[in-house]
Every structure is written in structure tokens, then in C-alpha cells.
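Below, read A as the first sequence line, B as the second, and so on, with proteins coming before strands; counting in each chain starts at 1.
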2 protein chains.
Amino acid sequence: MATGRTHRPATRSRGIPEATVARLPLYLRALTALSERSVPTVSSEELAAAAGVNSAKLRKDFSYLGSYGTRGVGYDVEYLVYQISRELGLTQDWPIVMVGIGNLGAALANYGGFASRGFRVAALIDADPAMSGKTVAGMQVQHADDLEKIIDENGVSIGVIATPAGAAQQVCDRLVAAGVTSILNFAPTVLSVPDGVDVRKVDLSIELQILAFHEQRKAGESAIEAAEGAVGVEGPAAKVTKPTANDRKGPDGDVPAVMPA
Amino acid sequence: MATGRTHRPATRSRGIPEATVARLPLYLRALTALSERSVPTVSSEELAAAAGVNSAKLRKDFSYLGSYGTRGVGYDVEYLVYQISRELGLTQDWPIVMVGIGNLGAALANYGGFASRGFRVAALIDADPAMSGKTVAGMQVQHADDLEKIIDENGVSIGVIATPAGAAQQVCDRLVAAGVTSILNFAPTVLSVPDGVDVRKVDLSIELQILAFHEQRKAGESAIEAAEGAVGVEGPAAKVTKPTANDRKGPDGDVPAVMPA
DNA sequence: ACTTGTGAACTATTTCACAGCA
DNA sequence: TGCTGTGAAATAGTTCACAAGT
């Protein structure tokens, strides 16, 4: 339903803001949950709550996609699921290759969230000959030598890198040379790629460091307040102001080492 | 080493932009690498390249921390490493608990990047009795019953959730009740927490969906151009007013199922 | 009576470009 | 001369608040 189609709301299809794109998967998840509960429609208010954003932002986001709601009523859940899926390109099948089947790679291979949207793991690849032939998440791990062939035969355009940092750029280069144009990088390295190739980076330790920053703020605040006798008193004494030392800050040995599953 | 120290440049310590905070770990990583190669100083240009940003942004970012560079010369590597570490709160020790030792949890436990900055895994916790006592990453997995005791005894203020989506909110509530004020959430759920508690979310499938969006753009561009040769017209008949079936959209079974390491 | 869709105001972030210092 | 530090301009993103549909 929804009026949709004939009237082209001007906005459609022309550059959706990056910030909006990043939230579409969030909305999609919330909508999918509603869909499973057979909820027919949602208001921007309800959906926003379920997705953890405010309703003005959600409405603005949707306005970039088109006018898919009905005033006075809300949004048709099924219809919106479809529209967002389509916008994100999830109505098609995306074969992906995963390179580096260590601890993290194995976890990713088992990750249900990949398969549950348009993604399909076409191959698991590891450079370690000892890994070849091992079964991870129901698939045989293949050797890196076959990378190009696999990409070509499966029409892969998205690659996931979960190798140690040292190998990432090299793997990336091969992926790109073989035709991959989008890369999800879990290795703690800055990858350099030619124009036209997208890279997204997930860095586990960075997230923790950001939390530590805010955590320190909280602790510091009360310390200052306590020292100056100011307002907002809130003080679990447990907040050891000056913890132990911290010698280690050792080598950047991030990403899990390869280790058979 | 570097002029620094005595002069306090006005800016210091007052609200550093969130976008800047998010990049500090990036700079820190690049600087650490330089430090290991015993490079004494870097220019904003060089460091920016190593961190994958542009130099104007980097200089602006650093200007929020203070004036730690030397005009005509650059930045003292060791000094900057220290200043950024301090700013991020990494000069102190942060004990963390990890809840949910499935595939992903095990990978995280083995992740070198945690230990290599101020973080220390104080405990691995899983609700599955079959996991208790098992050794993962050199630590005994403990049962969820002991959560509160562990948090209290170790002064933990940061928790990592790697449980299935269904258990996440419940785990979160217990963490918060026990005194945790920062949470890194790997479960594909929106967590609700009281004011004063920070949550950061890492969602593997969201990142892939964002890539798919851009990937589709690339492909679509040429396809549409080829098909319509014209300008603004966009008329994929596919605009099925009433979505097709769209079967799969299966259960939101994200996050890896628990499975012994 | 209710809820969307959206200009307009506001806030945050990035980029420019150059004065100021080593 | 070379490179930082930073106002000022440009751009991106968010929030407000209300007109317009249903």
C-alpha cells in the first residue's frame, strides 16, 4: 500500500546522506522483528524507540528514500522492510570471501547475521597450508593460492579480511586485483586501495579505547568535584582513582593469531 | 624532548569533539609503530598519511589536546604517544569482563589488541554450565552466577557483551546493577541503559550492509546509464508496489551460537 | 485527532588558508 | 624555510516545529 510509485518525491535516489545509510540497517533490524511478530504498521515514534534513535531523525532519514508512510497512520512494516532492503541492495545475493580463518575469522564464518541478509559466504581462505581442507562453519577452508580463481568463478565483489595486521595489505591488494571492490577490514591496519574501492574498518580495540576515554572522564569529573566540593555527587568508592602502573604497552600485536578451530 | 609541558594552551581538557576522540586511537596506533622503529619526530603530513586521514584534520584534532608540536619540525613521537595515551585514559589499567564465550567471545579473549593497551581481561563469563571451567585464551571461564562478585572484587567498570541477542539486555542490566558504567556490545540489539552508562556497539552485519549499499551504487550507476542513457529518469519497474514474497529474512539469529572452543 | 514530511534553525565536523614561530 | 596552530568558511548532520494529509 502506501501511495508509493507514481509520484516521485523529488528526493528519491539522489545522494542519501552517509549518516542515514549507516542507520538503515538498524531500522531494518527493528522492522524485521516487528514483521516477525506480524505487526502491520508502526509509527515513527515506535520504530525510532525500537531502533534507538529519535523520531525526528528517523522521519528525516526516511524522507530521503521517499514518502513511504501514511499520515495519521504510520508505516506499513512489510512495505518498509522491502524498500529499505532494496535501497541497501539486500534483495540481491552477495557472495563474499573471507580471508584469514583464525579465531576471529572462524567466529565470523559462524556468524548468522551474514547469511540472514543477502550475504553468502562463497569461500573461506587461509594462507596456512595446515588450515586447508579443515572444516569451519560447515565449509572447507581453501588455500590462498586459489584466491583469484574463487573470486572470479563466484563473481565475488565483497571481501572480508581477518588476517593478522602484517598480511592485510597484501591480501587486500590481491583481492582488489582480482576484482573485489568492497572490503571489510578487521585487521588493525590502514589499507590503501585505488579509487573506486570501498573499505570499512572494524577495530575492536579502538572501540574499547573510546570507552576508556569516557570512563576516565566520569571518574575524573567526580574526582575534581570531590576536590572542589561541587555539585553532582555520585561516588561508588570502588572507582580506584589511581590504579596500578602499566608497563606493558607492548608491540601492536593485535588481531588474534591464527589457531585451528 | 619537545618543548611541551609548562605552557597550558587554553584549549586543554575542555570538551574534545567526539569525532576527534574516535580518531585518537588511530593516531596512537600509527605513532606506536613509529616509536617501534625509533623514529624521533613526524610531521602532520606523514602521520596523517600513516593514520589514513588528511593533515589538516590531524592538526585540528591535536589542537584540541594542546600545542604538542614544534613549528618547522613536527611532533615528538614519544611525547605524543604519551599525551594521547593519557588523554584516552590508557595510562591506567582497565579491568574488563567478557560475557558470552561463544565463537566471538573466544576470538575476543584471544585478541591481542585488548591487552596491548591498558586493558586487562579480568574474567570470562558464560551462562552455559558446560562452559564453566573450560580454558579459553589461558583463562578459566566462570559461571554467570559469579558476575557481581567478580565485578566488585576486580573493580571492573567496563564490560563486553558477546552473548546471543536474546540474552544481551539481561546481561547488560546485571552488569550495570553491579557497577559497570561502560559497555561494548557485540550482540545485535539495542541496549537500554540508565543515564551515565556508555554503550558502544559493534555490529558485524551492519558494516556489510553498508558496503552492499555502496557496492550496489557502483553497479547500478552503469546499469542505469546503460539502460536509460538519459539523465534523471529512474524507473526500475521493479518498484513493485507490493513487495514480492521476500521469504528469507529469517530469524534474526545473528551473533554466533555458543560453541566450545 | 493523529502522524508524516520537510523547510528552517541549529550544531558538529571538515576543510581552507595563512599568520606565527622555530 | 618549513611546519604547526587556528580563525574563518564550507559542508554535513541533527533537531525543531508546523503545514499538510488521512
Side-chain angles (χ1 to χ4, degrees), chain A residues 1-4 6-24 26-27 31 39-77 79-80 83-84 210, chain B residues 1-12 14-24 26-27 31 39-77 79-80 83-84 210:
Chain A
M1 124 167 351
T3 45
T6 34
H7 73 126
R8 176 115 50 69
T11 10
R12 244 297 297 178
S13 201
R14 307 255 65 254
I16 296 169
E18 197 49 40
T20 294
V21 172
R23 281 187 296 266
L24 292 181
L26 234 54
Y27 302 143
L31 284 164
V39 176
T41 59
V42 251
S43 66
S44 61
E45 202 68 59
E46 295 166 322
L47 184 53
V53 304
N54 71 46
S55 64
K57 193 185 284 182
L58 177 144
R59 286 200 305 278
K60 185 61 113 178
D61 282 342
F62 286 178
S63 80
Y64 294 117
L65 309 184
S67 295
Y68 294 147
T70 308
R71 292 171 200 235
V73 178
Y75 301 91
D76 180 280
V77 172
Y79 186 64
L80 243 199
Q83 290 300 343
I84 294 179
I210 296 171
Chain B
M1 60 159 73
T3 47
R5 268 245 41 258
T6 35
H7 73 127
R8 179 118 50 67
T11 9
R12 246 295 300 176
R14 307 256 67 254
I16 297 169
E18 196 50 38
T20 295
V21 171
R23 280 187 297 266
L24 291 181
L26 234 55
Y27 302 143
L31 284 164
V39 176
T41 59
V42 251
S43 67
S44 62
E45 201 67 59
E46 294 166 323
L47 184 53
V53 303
N54 71 46
S55 64
K57 193 185 284 182
L58 177 143
R59 287 201 304 279
K60 185 61 114 180
D61 282 341
F62 286 178
S63 79
Y64 294 117
L65 309 182
S67 294
Y68 294 146
T70 308
R71 291 170 204 238
V73 177
Y75 301 92
D76 181 281
V77 172
Y79 186 65
L80 243 198
Q83 291 300 343
I84 294 179
I210 296 171

Working note: B/Thr41 + B/Tyr79, criterion side-chain contact (heavy atoms from CB on, under 4.5 Å); need CA distance, chi angles, decisive distance, verdict.
CA-CA 9 Å; B/Thr41 59; B/Tyr79 186 65; over 6 Å; no

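- Here the shortest heavy-atom pairing between B/Ile210 and A/Glu18 reads CG2-OE2, 4.0 Å.
- Comparing D/dA20, D/dC16, D/dT6 by their closest approach to the side chain of B/Ser67 singles out D/dT6.
- Atom OH of A/Tyr64 is separated from atom P of C/dG5 by 14 Å (rounded to the nearest Å).
- Among the heavy atoms of the strands lying under 4.0 Å from B/Tyr75 are primed sugar atoms or P, OP1, OP2 only; no base atom is included.
- Closest to the side chain of A/Arg59, out of C/dT4, C/dT15, D/dT4, is C/dT4.
- When distances are taken from the side chain of B/Ala19 to each of D/dG13, C/dT13, C/dT6, the shortest belongs to C/dT13.
- Within the structure, the salt bridge (Lys or Arg N to Asp or Glu O under 4.0 Å) test picks out the following pairs touching residues 47-65 of chain A (sequence neighbours left out): A/Arg23-A/Asp61.
- Annotation for B/Tyr27 and B/Leu47: closest pair O-CD1, 4.4 Å, computed over non-hydrogen atoms.
- Nucleotide C/dG5 holds its C1' atom 16 Å from the CD1 atom of A/Ile16, rounded to whole Å.
- The nearest whole Å value for the distance from the CD atom in A/Gln83 to the P atom in C/dG5 is 12 Å.
- When rounded to the nearest whole Å, the span between CG of A/Asp61 and P of D/dT14 equals 7 Å.
- In this structure, NZ of B/Lys57 is placed 21 Å from P of D/dA9, rounded to the nearest angstrom.
- Atom pair B/Leu58:CG and D/dC3:C1' shows a separation of 12 Å (rounding to whole Å applied).
- Side-chain atoms of A/Thr70 do not come within 3.5 Å of backbone N or O of A/Val73 as any donor-acceptor pair.
- Taking atom OH of residue A/Tyr79 and atom C1' of nucleotide C/dT4, one finds them 15 Å apart after rounding to whole Å.
- Only A/Ser43, A/Ser44, listed by number, bring a heavy atom of residues 42-54 of chain A to less than 4.0 angstrom from any atom of DNA chain C.
- Here the closest heavy-atom approach between residue B/Ile84 and residue B/Leu65 is recorded as CG1-CD1, 4.1 Å.
- The distance between atom CG of B/Leu65 and atom C1' of D/dT4, rounded to the nearest whole Å, is 14 Å.
- Listed nucleotides: D/dT15, D/dG7, D/dG2. Nearest to the side chain of A/Lys60: D/dT15.
- Taking for each of A/Thr20 and A/Gly72 the nucleotide of DNA chain D with the nearest heavy atom, the 5'-most of the two is the partner of A/Thr20.
- Not less than 6.0 angstrom separates the ring centroid of B/Tyr68 from the ring centroid of B/Phe62.
- The side chain of B/Thr70 lies closest to C/dA22, out of D/dG5, D/dG13, C/dA22.
- Considering only side-chain atoms of A/Arg71, the nucleotide from C/dG20, D/dG13, D/dT22 that sits closest is D/dT22.
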